Amino acid sequence: MSEPLVLGIETSCDETGVALVRGRELLVDAVASSMDEHARFGGIIPEVASRAHLEAMVPTISKALGEADVDLSEVDAIAVTAGPGLVGPLTIGASAAKALAVALNKPLYGVNHVIGHAAVDELVHGEFPERALALVVSGGHSSLLLVDDIATKVTELGQTLDDAAGEAFDKVGRLLGLPYPGGPHIDRLAREGDPEAIRFPRALTLPKDQAEHAYDFSFSGLKTAVARWVEAKQDAGEEIPLNDVAASFAAAVADVLTAKTIRACQLHDVDTLVIGGGFSANSQLRDMATERCAAAGIELRIPPIRYCTDNGAMIAALGSALVRAGVGPSQLDIPVDSSMPLTITHV
């Protein structure tokens with residue numbers, strides 16, 4: 001029996017992603033982004049994103065089918081992001097997926113966006129080992145997941161208690177007068193700065209935090225510390241060393257993320273770490289994770305950057321895993337859930 005052909009649709013934020021996956025093989029990944037439309041607002045506007053998804057949906061599906069030379073009738077299942085994400089954009093994607101499922105009489109799978117960021121790695125590096133750890137870091141999520149089976153058994157060990165890593169970068173970028181999104185600009189400046197120039201705080205890393213928040217993250221206080229440091233320099237009439245501020249801030253984020261993640265690998269007897277999500281493009285995070293994993297004897301798997309940002313491939317990959325595992329499909333009346341818990345892979 002041939003591997004299932006799954007069409008994946010992603011619309012949790014500002015990217016309209018459509019992909020086709022057969023088994024663990026990616027056939028095509030088409031993306032239409034509305035990022036430029038949001039740049040002048042300094043952040044994502046849900047109504048603008050929803051309209052962009054509505055306009056891009058049919059052309060993006062057509063583009064994916066054309067590039068893969070696949071007819072809709074050949075698709076075995078439809079997978080779509082059901083959450084977490086922005087309600088408006090999620091609704092557009094879910095509506096399109098439901099319409100396709102009804103029209104084609106194919107099973108529908110409403111899947112978890114965050115877990116999809118981990119699942120996409122199977123398209124690049126192959127099947128997961130029996131147990132792995134996944135660190136998913138993006139503009140809206142900073143989550144640490146224990147993966148025993150990507151389709152049926154994913155356990156959330158920790159998450160951000162306030163700002164996600166990417167969100168903190170965007171806010172600090174705005175504070176430093178950098179264009180939106182701030183992440184890439186801070187990363188660029190950080191490469192020219194001294195990461196030890198300023199000792200910014202590492203939240204939830206003290207011994208008193210280990211019992212309750214061993215694997216949780218918090219970046220709101222770090223963001224405030226950067227703001228106060230910058231304000232003090234401005235009040236003193238001193239020039240702000242942007243490179244050093246960026247490097248020291250980025251180092252603090254990468255330090256906390258990698259230290260907690262490596263410790264979780266060791267305590268849960270895991271020797272494979274997957275890092276996904278848009279923030280995994282950050283060079284300091286990649287460098288620090290590579291160095292610390294090598295020292296700890298942990299295999300590090302990070303998909304290429306194009307598969308770390310939001311895309312249809314991650315949704316099709318998770319949908320494919322569910323189909324292969326024999327998991328039953330979702331009901332056609334599935335709701336979208338902006339805060340879908342990571343205790344469920346699909347709805």
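This is a predicted model, so every value here is computed, not measured.
Contact annotation: the side chain of L86 never approaches that of S338 to less than 4.5 Å [non-hydrogen atoms, C-beta and beyond]. Between E130 and D148 there is no side-chain heavy-atom pair separated by less than 4.5 Å. The shortest side-chain heavy-atom distance between C293 and E299 does not fall under the 4.5 Å cut-off. Between T345 and V111 the shortest side-chain heavy-atom distance does not fall below 4.5 Å. The shortest distance between side-chain heavy atoms of L176 and V172 falls below 4.5 Å. Using a 4.5 Å heavy-atom cutoff, the side chains of H141 and T160 are not in contact. Looking only at side-chain heavy atoms (C-beta outward), T16 and V31 stay at 4.5 Å or farther from each other. Counting only heavy atoms from C-beta outward, the side chains of V253 and F219 approach each other to under 4.5 Å.
Distance check: L322 CG to T152 OG1 gives 9.0 Å after rounding to the nearest 0.5 Å. The distance from the CG atom of L104 to the OG atom of S73 is 8.0 Å, given to the nearest 0.5 Å. Here the CD1 atom belonging to I186 is positioned 10.5 Å from the CD atom belonging to Q284, to the nearest 0.5 angstrom. With rounding to the nearest 0.5 Å, the separation of OG in S50 from CD1 in I45 is 11.0 Å. The distance from atom CD1 of I298 to atom CG of L133, rounded to the nearest 0.5 Å, is 8.5 Å. Annotation: the span from L7 atom CG to I78 atom CD1 amounts to 4.5 Å, rounded to 0.5 Å.
No side-chain donor-acceptor contact under 3.5 Å links S248 to the backbone of V245. A donor-acceptor contact shorter than 3.5 Å links the side chain of H53 to the backbone of C13. The main-chain N or O of I315 is never found under 3.5 Å from a side-chain atom of Y109 such that the two would form a donor-acceptor pair. Formation of a donor-acceptor pair under 3.5 Å by the D162 side chain with backbone atoms of S220 is found in this model. Formation of a donor-acceptor pair under 3.5 Å by the K106 side chain with backbone atoms of V6 is not found in this model. A donor-acceptor contact shorter than 3.5 Å links the side chain of N112 to the backbone of I344. Without hydrogens or angle criteria, N311 side chain to T309 main chain gives a donor-acceptor distance under 3.5 Å. Side chain of T11 to backbone of P89: a donor-acceptor contact under 3.5 angstrom is found. Listed for the K153 side chain is no donor-acceptor partner under 3.5 Å among the backbone atoms of V147. The main-chain N or O of A254 is found under 3.5 Å from a side-chain atom of T258 such that the two form a donor-acceptor pair.
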* **Residues N282, V137; criterion side chain to side chain contact (heavy atoms under 4.5 Å, CB included); working and verdict** => CA-CA 10 Å; N282 178 265; V137 278; over 6 Å; no
* Could you check D337 against V347 for side chain to side chain contact (heavy atoms under 4.5 Å, CB included), going step by step and ending with a plain yes or no? => CA-CA 10 Å; D337 185 351; V347 293; over 6 Å; no
* Evaluate the salt bridge (Lys or Arg N to Asp or Glu O under 4.0 Å) criterion for residues E3 and R22: first the C-alpha distance (whole Å), next the side-chain angles of each, then the deciding distance (0.1 Å), finally the verdict. => CA-CA 6 Å; E3 296 276 22; R22 189 184 298 280; over 6 Å; no
* To do: Show your reasoning for whether side chain to side chain contact (heavy atoms under 4.5 Å, CB included) applies to V274 and L135.
  => CA-CA 6 Å; V274 176; L135 174 65; over 6 Å; no
* **Criterion salt bridge (Lys or Arg N to Asp or Glu O under 4.0 Å) on K171 and E167, from CA distance to verdict** => CA-CA 6 Å; K171 289 179 177 178; E167 182 183 5; 3.2 Å; yes
* Stepwise salt bridge (Lys or Arg N to Asp or Glu O under 4.0 Å) test for R191 and D187 -> CA-CA 7 Å; R191 294 192 195 106; D187 193 23; 3.2 Å; yes
* Candidate pair D255 and R292, rule salt bridge (Lys or Arg N to Asp or Glu O under 4.0 Å), full reasoning -> CA-CA 10 Å; D255 184 20; R292 290 181 171 178; 2.9 Å; yes
* Applying side chain to side chain contact (heavy atoms under 4.5 Å, CB included), run through L144 and E156 and close with a yes or a no. => CA-CA 6 Å; L144 196 54; E156 183 182 25; over 6 Å; no
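The 12-atom threshold is exceeded at CD of E67, counting heavy atoms of other residues, nucleotides or ligands nearer than 6.0 Å. Crowding of Q266 atom CD: a count of heavy atoms from other residues, nucleotides or ligands under 6.0 Å exceeding 12. For D71, the CG atom sits in a packed shell: over 12 heavy atoms of surrounding residues, nucleotides or ligands are nearer than 6.0 Å. Heavy-atom neighbours of E238 CD from other residues, nucleotides or ligands within 6.0 Å: above the threshold of 12. By the 6.0 Å contact criterion, CZ on R286 is enclosed, its count of non-hydrogen atoms from other residues, nucleotides or ligands being greater than 12.
One hydrophobic cluster holds both I61 and L27 under the rule that ILVMFWY side chains link at heavy-atom gaps under 4.5 Å. No path of Ile, Leu, Val, Met, Phe, Trp and Tyr side chains, each step under 4.5 Å between heavy atoms, connects M288 with F200, placing them in separate hydrophobic clusters. Two different hydrophobic clusters hold L273 and V136 under the rule that ILVMFWY side chains link at heavy-atom gaps under 4.5 Å. Residues L146 and F217 share a hydrophobic cluster, clusters being chains of Ile/Leu/Val/Met/Phe/Trp/Tyr side chains in contact below 4.5 Å. Placement of V80 and L90 in two distinct hydrophobic clusters is found when ILVMFWY residues are connected by side-chain heavy-atom separations under 4.5 Å, directly or transitively.
In summary, the side chains of H125 and D121 do present a donor paired with an acceptor at a separation below 3.5 Å, with no hydrogens or angles considered. For the 3.5 Å distance criterion, the side chains of S320 and R324 qualify, holding a donor opposite an acceptor. Donor-acceptor pairing under 3.5 Å is recorded for the side chains of E10 and T81.
Taking the six-membered ring where tryptophan is involved, the planes of H113 and H117 are perpendicular, since the angle between them exceeds 60° and thus also 30°.
With sequence neighbours excluded, the residues that form a ring-ring contact (aromatic ring centres under 6.0 Å, His included) with F249 are F169.
The two residues S218 and A203 come nearest to each other via the heavy atoms O-CB, 3.4 Å. Closest approach of A151 to A321, counting heavy atoms only: CB-O, 3.6 Å. Contact record, L257 with A165: CD1-CB, 4.3 Å, taken as the closest heavy-atom pair. Taking every heavy atom of both residues into account, G183 and D170 meet most closely at N-OD1, 3.4 Å. Annotation for L300 and A289: closest pair CD2-C, 3.8 Å, computed over non-hydrogen atoms. Residue L285 comes nearest to S280 through the heavy atom pair CD2-CA, 4.1 Å, listed as atom of the first residue, atom of the second, then distance.
Look at R306 and D29 and you find a salt bridge, because one of the NZ, NE, NH1 or NH2 atoms lies within 4.0 Å of a carboxylate O, short of that distance.
The ring-ring contact (aromatic ring centres under 6.0 Å, His included) pairs that include a residue from residues 308-347 number zero, where partners must be two or more places apart or lie in different chains.
In this structure, the ring of Y215 has its center less than 6.0 angstrom from the ring center of H268.
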